[in-house]
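What follows is a short report on a single structure.
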2 protein chains.
Amino acid sequence: MLNFESLEIAVSPTEKFREYLATKGMRLTQERELIVAEVFSSHEHFDADQLVERMKLQKTGRRVSRSTVYRTLGWLEDAGLLRKVARTNDRDVFEHDYGYPQHDHFICKSCGELFEFQNDDIAEILEKLADEINFRMNEHRLEVYGICDECSRPPQRRHKKLDLI
Amino acid sequence: MLNFESLEIAVSPTEKFREYLATKGMRLTQERELIVAEVFSSHEHFDADQLVERMKLQKTGRRVSRSTVYRTLGWLEDAGLLRKVARTNDRDVFEHDYGYPQHDHFICKSCGELFEFQNDDIAEILEKLADEINFRMNEHRLEVYGICDECSRPPQRRHKKLDLI
DNA sequence: GTTATTGCAAACCATTTGCAAGTGT
DNA sequence: ACACTTGCAAATGGTTTGCAATAAC
């Protein structure tokens with residue numbers, strides 16, 4: 001029996017989304033396809049508003065409304081293509097959750113920058129702890145707050161993205 | 001030289017809040033005192049709305065407005081007495097962050113229940129990782145999602161608090 | 001043709017804020 | 001008198017939703 005699990009990256013995000021939509025009797029419309037394309041054109045974290053802006057910049061004549069962006073983000077999350085990673089400036093921040101390894105974030109309280117890191121030991125510890133209370137662990141979100149290298153340096157040019165993000 | 005760090009639990013939450021307020025030229029009013037008392041009367045997690053309700057139930061004639069509750073929550077957070085632990089049903093969820101050991105949570109996606117756990121190894125691993133990128137770590141938030149023991153049992157009576165919280 | 005989808009504008013809702021009246025010193 | 005606070009009502013701002021027009025099959 002073939003192990004399709006290991007093949008998942010072989011399917012493009014768009015294709016995976018089409019499959020998800022199919023299970024809901026929904027269609028992969030032009031708008032949805034444009035959104036998936038834009039979302040997966042970069043690995044950067046983003047929020048709904050930023051995505052709306054990026055959609056406006058697309059050369060395609062097709063305009064995508066804010067409502068459609070919001071609705072589609074929800075489905076992309078359901079489909080396992082995106083996940084919310086944090087909340088910055090009162091906005092949900094998304095990142096790719098497909099074809100992208102599990103990881104967590106250091107978040108600079110000064111500039112708001114996110115730094116990804118990956119560590120298997122933590123997941124292992126969690127498995128063990130979950131087991132003790134018979135908790136069926138699915139996933140986790142780990143945000144580590146502090147001050148990043150750049151921001152902890154003497155007064156000089158530094159990040160200042162807190163209200164830009 | 002005395003180590004005051006280790007004495008912090010000796011000061012009551014109210015007293016600590018008074019000290020914080022003093023540094024800001026602010027007063028510990030009756031309203032604020034009632035709120036701190038209510039907040040620290042139980043170790044349960046809560047959101048602003050729940051606290052507003054609890055304030056209404058207090059036998060004191062003194063009524064505390066929603067605005068005051070919100071404002072005070074912010075200062076309690078600043079003062080290090082409370083911290084936001086999660087977001088449930090679009091609301092910020094708070095818990096004690098004073099005289100209470102660092103811990104994290106298992107969150108049941110079925111019933112919404114939070115289960116606390118405590119593990120030093122994780123913090124240790126984080127310290128090491130933070131060090132590698134020269135990140136000055138202050139604190140972290142770890143939420144582990146999954147299904148709790150009770151909810152993973154066969155169809156029977158079970159938690160159903162998702163929209164009650 | 002029928003059913004899903006879009007964009008718009010309005011609704012929602014937790015949280016914040018302006019401000020006049022109130023309170024403590 | 002003075003400076004900080006409160007409660008109210010209104011504003012904010014991200015996100016959601018109702019609905020008539022539109023597009024996909």
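Each chain gets a letter, A, B and so on, in the order the sequences are listed, and its residues count up from 1. These numbers come from a predicted model, not from an experiment. Just the heavy atoms: all of them, side chains too, but no hydrogens, waters or symmetry mates, feed the values below.
Between B/Ala79 and B/Tyr20, the closest heavy-atom pair is CB-CG, 3.4 Å. Of all the heavy atoms in A/Lys56 and A/Arg63, the pair that sits closest is O-NH2, 3.3 Å.
Using modelled atom types and a 3.5 Å distance limit, the side chains of A/His45 and A/Gln50 yield no donor-acceptor pair. Between A/His103 and A/Glu95, the side chains place a donor N or O and an acceptor N or O closer than 3.5 Å (distance only, hydrogens not considered).
Applying the 4.0 Å criterion to OP1 and OP2 of D/dC8, one finds that B/Ser65 has every side-chain N and O outside that range. One finds a side-chain N or O of B/Arg32 lying less than 4.0 angstrom from the OP1 or OP2 phosphate oxygen of D/dT6. Contact between the side-chain N/O atoms of B/Thr29 and the OP1/OP2 oxygens of D/dT6 is found at a separation under 4.0 Å. Side-chain nitrogen and oxygen atoms of A/Arg63 include none within less than 4.0 Å of the OP1 or OP2 phosphate oxygen of C/dT6.
In this structure, CG of B/Asp92 is placed 5 Å from P of C/dT15, rounded to the nearest angstrom. Nucleotide C/dT5 holds its C1' atom 12 Å from the CG atom of A/Leu21, rounded to whole Å. Atom CZ of A/Arg91 is separated from atom C1' of D/dT16 by 17 Å (rounded to the nearest Å). With rounding to whole Å, B/Trp75 atom CH2 is found 12 Å from D/dC4 atom P. Atom CD1 in B/Ile35 sits roughly 12 Å away from atom P in D/dT5 (whole-Å rounding). Rounded to a whole Å, the CD atom of A/Glu31 is 14 Å from the C1' atom of D/dA21. Atom-to-atom, CZ of B/Phe46 to C1' of C/dA14 comes out at 15 Å; the value is rounded to the nearest Å. Straight-line distance from the CZ atom of B/Arg66 to the P atom of D/dA9: 13 Å, rounded to whole Å.
By the 30° and 60° cut-offs, the orientation of the rings of B/His96 relative to B/Tyr100 is perpendicular. Between B/Phe106 and B/Phe117, the ring planes are tilted. Angles from 30° to 60° get that label.
Judged by the 6.0 Å and 45° rule, B/Arg54 forms a cation-pi pair with B/Phe46.
Within 4.0 Å (heavy atoms only), A/Asp49 reaches no atom of the nucleic acid at all.
Map B/Lys24 and B/Val69 each onto its nearest nucleotide of DNA chain D; the residue landing nearer the 5' end is B/Lys24.
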Nucleotide by nucleotide, nucleotides 17-25 of chain C touches protein heavy atoms under 4.0 Å in the pattern (B base, S sugar-phosphate only, - none) BB-----B-
